[in-house]
Amino acid sequence: MDIHLSNASLHWQHHCVFSQLNLTLPGGQWTSILGQSGVGKSSLIQLLCGIADEADVQGEIACSDGKPLTGRVAWMAQDDLLLPWLSVLDNVLLGTRLTQQRRPKPEQIERARYLLSQVGLSERAKVLPAQLSGGQRQRVALARTLFQDCPLVCMDEPFSALDAINRLRLQDLAASLLHDRTVLMITHDPLEALRLSDQILVLGGSPAKLSSPITPPGLAPRQVSDSEVLRLQGELLEMLAGEAS
Ligand SMILES: Nc1ncnc2c1ncn2[C@@H]1O[C@H](COP(=O)(O)OP(=O)(O)OP(=O)(O)O)[C@@H](O)[C@H]1O
């Protein structure tokens, strides 16, 4: 499902973060947005998700299936947002607990267990989040995001709290488990965007505007040593440095 955002404007109090902004998220593809701190990346993703409650927002969001986007977005953030008093399995099932009166159905529990096996955590289903490492907790958050099975997955710096090796591993896992989803990711890391994305846009200026898309060749997850990935990383870093000066 393609998602089109058109003529979007967002103001926090009297500060115009962006105006007249257009963005297309092609269905089944991964789009990443880079930009310097404070430029408006989180504001843009909040507008799309319908959670920028305190901002003055305008614009139109159209989905290619003709239905509204509201209620059809899964969210994964830098902080895993796991509930500490629920087991790993119940954290994956959280969506059912929030939207259903009854306990999860057997087929929902089976699907949550399947997703935990996909992220390599079958053996830890009954433990509490506090007993997991940071990387394991973020894998639970990924399983919970997948469990929601929403047409759009929004990720706001999802791997930035992890060490370099766990970060690469989780990028690989996410690329494989989300390969057919429509994904919008915000990241500060050009290499992460280049490994995972079908298109990369840079948000810059004030009010902020989006660059033309950069489309890395080949399939995700791309190798960190790939010569074209490294060349495009240099190009993106130069663009970001230009925005900062
Ligand atoms: N709830 C809010 N109330 C008022 N102003 C806000 C609010 N959230 C963000 N802003 C302002 O909007 C601008 C854009 O912020 P935003 O968080 O979208 O930037 P960002 O690009 O995501 O930054 P970072 O990379 O540091 O997370 C900033 O000037 C920020 O101070």
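For ligands, and for the atoms within them, numbers begin at 1 and follow the listed sequence.
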Sidechain N-carboxylate O distance under 4.0 Å for Asp163, Arg169 |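 No, no charged N to carboxylate O under 4.0 Å.
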Between Lys41 and Asp156, does at least one N-O distance fall below 4.0 Å, as a salt bridge requires?
->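 So Lys41 does not pair with Asp156 through a salt bridge.
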Heavy atom of Gly35, distance to ligand 1 below 4.0 Å |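 No, Gly35 has no heavy atoms under 4.0 Å from ligand 1.
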Does Gln13 have a non-hydrogen atom less than 4.0 Å from ligand 1?
->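 A heavy atom of Gln13 does come that close to ligand 1.
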From Leu203 atom CG to Gln36 atom CD, the distance as rounded to the nearest 0.5 Å =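 It is 9.5 Å, given to the nearest 0.5 Å.
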Look up atom 31 (O) of ligand 1 and tell me if a protein heavy atom lies less than 4.0 Å from it?
->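 No.
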Against heavy atoms of [X], which atoms of ligand 1 measure under 4.0 Å?
X      : answer
Gln36  : 21 (O)
His188 : 25 (O)
Lys41  : 18 (O), 19 (O), 20 (P), 21 (O), 22 (O), 23 (O), 24 (P), 25 (O)
His15  : 29 (O)
Ser43  : 14 (C), 15 (O), 16 (P), 18 (O)

In the protein, what heavy atom is nearest to [atom], and what distance, to one decimal place, separates them?
atom                    : answer
atom 26 (O) of ligand 1 : Ser37 OG, 2.5 Å
atom 17 (O) of ligand 1 : Ser42 CB, 3.7 Å
atom 28 (C) of ligand 1 : Gly38 O, 3.6 Å
atom 19 (O) of ligand 1 : Gly40 N, 3.3 Å
atom 12 (O) of ligand 1 : Trp12 CD1, 3.0 Å

Around [X], counting heavy atoms of other residues, nucleotides and ligands shown, do more than 12 lie under 6.0 Å from its [atom1]?
X      : atom1 : answer
Glu228 : CD    : yes
Arg113 : CZ    : no
Glu107 : CD    : yes

Student check: side-chain heavy atoms of Val17 and Leu44 closer than 4.5 Å =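 A side-chain contact under 4.5 Å is absent here.
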Under a 4.0 Å heavy-atom limit, does Val39 contact ligand 1 with its side chain, its backbone, both, or neither?
->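 The part of Val39 near ligand 1 is both the backbone and the side chain.
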Report yes or no: does Arg195 contribute a side-chain atom to a donor-acceptor pair with the main-chain N or O of Arg222 at less than 3.5 Å?
->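 The answer is yes, because a donor-acceptor pair under 3.5 Å joins these two groups.
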Has the side chain of Arg144 got a donor or acceptor atom that lies under 3.5 Å from a matching backbone atom of Asp80?
->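 Yes; at least one donor-acceptor contact below 3.5 Å.
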